[in-house]
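Beneath this line is the structure, given in structure tokens, with notes to follow.
Throughout, numbering of the chain's residues begins at 1 and tracks the sequence. Values below: all heavy atoms of this structure, side chains included; hydrogens, waters and symmetry mates excluded. Here the structure is a predicted model, which is why all the values come from computation and not from measurement.
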Amino acid sequence: MPRDTVDTAGRVVVLASGSGSNLQALLDTAESSWSVVGVVSDQPEAGALQRASRAQVPSRVVEWRDHSDRNDFTEAICAAAEEFAPDFIVLAGFMRVLGPSAMAHFPDRIINLHPSLLPAFPGAHGVRDALAYGAKVTGVTIHFVDEHLDHGPIIAQEAVEVLAGDDEAALHGRIQEIEHRLLPEVVTKLVKGELAIRGRTVKGRVSA
Ligand code: GAR
């Protein structure tokens, strides 16, 4: 990967499957130390792709159904991301699990956004599962990706209260307000080299 093409600005590639509101938060962040240089999606109809196009950021689609297994899919996703020579990969609503080879391509350089306070409610339905469980507090987690689902060292977390009468949309809406602020903050720290992994602990404070 031509890392020497990076001058002062960090090159961030976003993987997204959905509407891309978190991608938008990153696109809208005026931060001189990094920019979103590419978007990769597994969903050809993802709103995230339209947001990338509007921002004149190039994108690639890699569909799950075109690949024989998780490893093959992961290799194709990594190849698409590598076209943009990324310094960091941000999973922002990317709803596929990447195989271990992704960590070999981008060691300690992939982060994931998850709508719960991990390790509670991992998986594809973090908001729904917290509501169904009757949790009084849930929230947002941003963590480094490792080979296990929603498991790697935690960079930042913020709590969100579950209110009486909340449905999934209402609770997710308040969670996303936090996500849209926290994710760009974390990316800035990451790009500036202000986060260090020590076992399961990440050193370097991200303000609440
Ligand atoms: C975000 O809320 C993110 O936390 C969640 O998907 C949403 C994507 O929204 N991610 C997961 O559930 C990962 N397991 P967006 O497409 O509007 O950014």
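In terms of hydrophobic clustering, with Ile, Leu, Val, Met, Phe, Trp and Tyr side chains grouped at heavy-atom distances under 4.5 Å, I89 and V97 are assigned to different clusters. I154 and V140 are members of different hydrophobic clusters when ILVMFWY side chains are connected at heavy-atom separations under 4.5 Å. Hydrophobic clustering keeps L117 apart from V206 (ILVMFWY residues linked when any side-chain heavy atoms are closer than 4.5 Å, directly or through intermediates). In the hydrophobic cluster analysis, where Ile, Leu, Val, Met, Phe, Trp and Tyr join through side-chain heavy atoms closer than 4.5 angstrom, W64 is grouped apart from L149. I175 and V162 fall within a single hydrophobic cluster, where Ile, Leu, Val, Met, Phe, Trp and Tyr side chains are chained together by heavy-atom contacts under 4.5 Å.
Between R51 and S19, the closest side-chain pair of non-hydrogen atoms falls below 4.5 Å. Contact annotation: the side chain of F144 approaches that of L190 to within less than 4.5 Å [non-hydrogen atoms, C-beta and beyond]. Side-chain contact check for V61 versus L49: some heavy-atom pair is nearer than 4.5 Å. Using a 4.5 Å cut-off on side-chain heavy atoms (C-beta onward), V13 and V90 make no contact. Within the 4.5 Å cutoff, side-chain heavy atoms of Q176 are placed close to those of S21. Contact annotation: the side chain of D87 never approaches that of V12 to less than 4.5 Å [non-hydrogen atoms, C-beta and beyond]. Contact check for L15 versus I77: side-chain heavy atoms found under the 4.5 Å cut-off. L171 is listed as a side-chain neighbour of L131, based on a closest heavy-atom distance under 4.5 Å.
Salt-bridge check for R174 with E161: failed, with every basic side-chain N at 4.0 Å or more from each acidic carboxylate O. With respect to E185 and K189, no salt bridge is recorded, no charged nitrogen being found less than 4.0 Å from a carboxylate O.
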With side-chain contact (heavy atoms from CB on, under 4.5 Å) as the criterion, how do H143 and I111 come out once you've worked through the C-alpha distance, each side chain's angles and the decisive distance to 0.1 Å? CA-CA 5 Å; H143 64 93; I111 65 170; over 6 Å; no
Apply salt bridge (charged side-chain N to carboxylate O under 4.0 Å, His left out) to residues K203 and E194 and explain how you reach the verdict. CA-CA 8 Å; K203 305 280 185 193; E194 294 175 9; over 6 Å; no
Could you go through V127 and T138, starting from their C-alpha distance and side-chain angles, then the distance that decides it, and tell me whether this counts as side-chain contact (heavy atoms from CB on, under 4.5 Å)? CA-CA 8 Å; V127 180; T138 184; over 6 Å; no
Hey, mind stepping through L113 and N22 against side-chain contact (heavy atoms from CB on, under 4.5 Å) and telling me if it holds? CA-CA 9 Å; L113 172 67; N22 282 285; 3.4 Å; yes
Between E63 and R65, does a salt bridge (charged side-chain N to carboxylate O under 4.0 Å, His left out) hold up when you go through it step by step? CA-CA 5 Å; E63 288 193 73; R65 66 178 182 192; 3.4 Å; yes
Applying side-chain contact (heavy atoms from CB on, under 4.5 Å), run through R60 and F84 and close with a yes or a no. CA-CA 10 Å; R60 301 283 183 273; F84 304 119; 3.8 Å; yes
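Atom CZ in F121 sits 13.5 Å away from atom CZ in R128 (nearest 0.5 Å). Atoms CZ and NE2, from R109 and H105 in turn, are 11.0 Å apart once rounded to the nearest 0.5 Å. With rounding to the nearest 0.5 angstrom, the OG atom of S35 is 7.5 Å from the CZ atom of R11. To the nearest 0.5 Å, atom CD1 of residue I142 and atom CG of residue L118 are 11.0 Å apart.
Using cut-offs of 30° and 60° on the angle between ring planes, the pair F94 and F73 is parallel.
Between the side chains of H114 and S116, at least one donor N or O sits under 3.5 Å from an acceptor N or O. Defined by atom type and a distance below 3.5 Å, a donor-acceptor pair is missing between the side-chain atoms of H180 and Q24. No side-chain N or O of Q43 forms a donor-acceptor pair with one of S17 less than 3.5 Å apart. A donor-acceptor pair shorter than 3.5 Å can be found between the side chains of E31 and S33.
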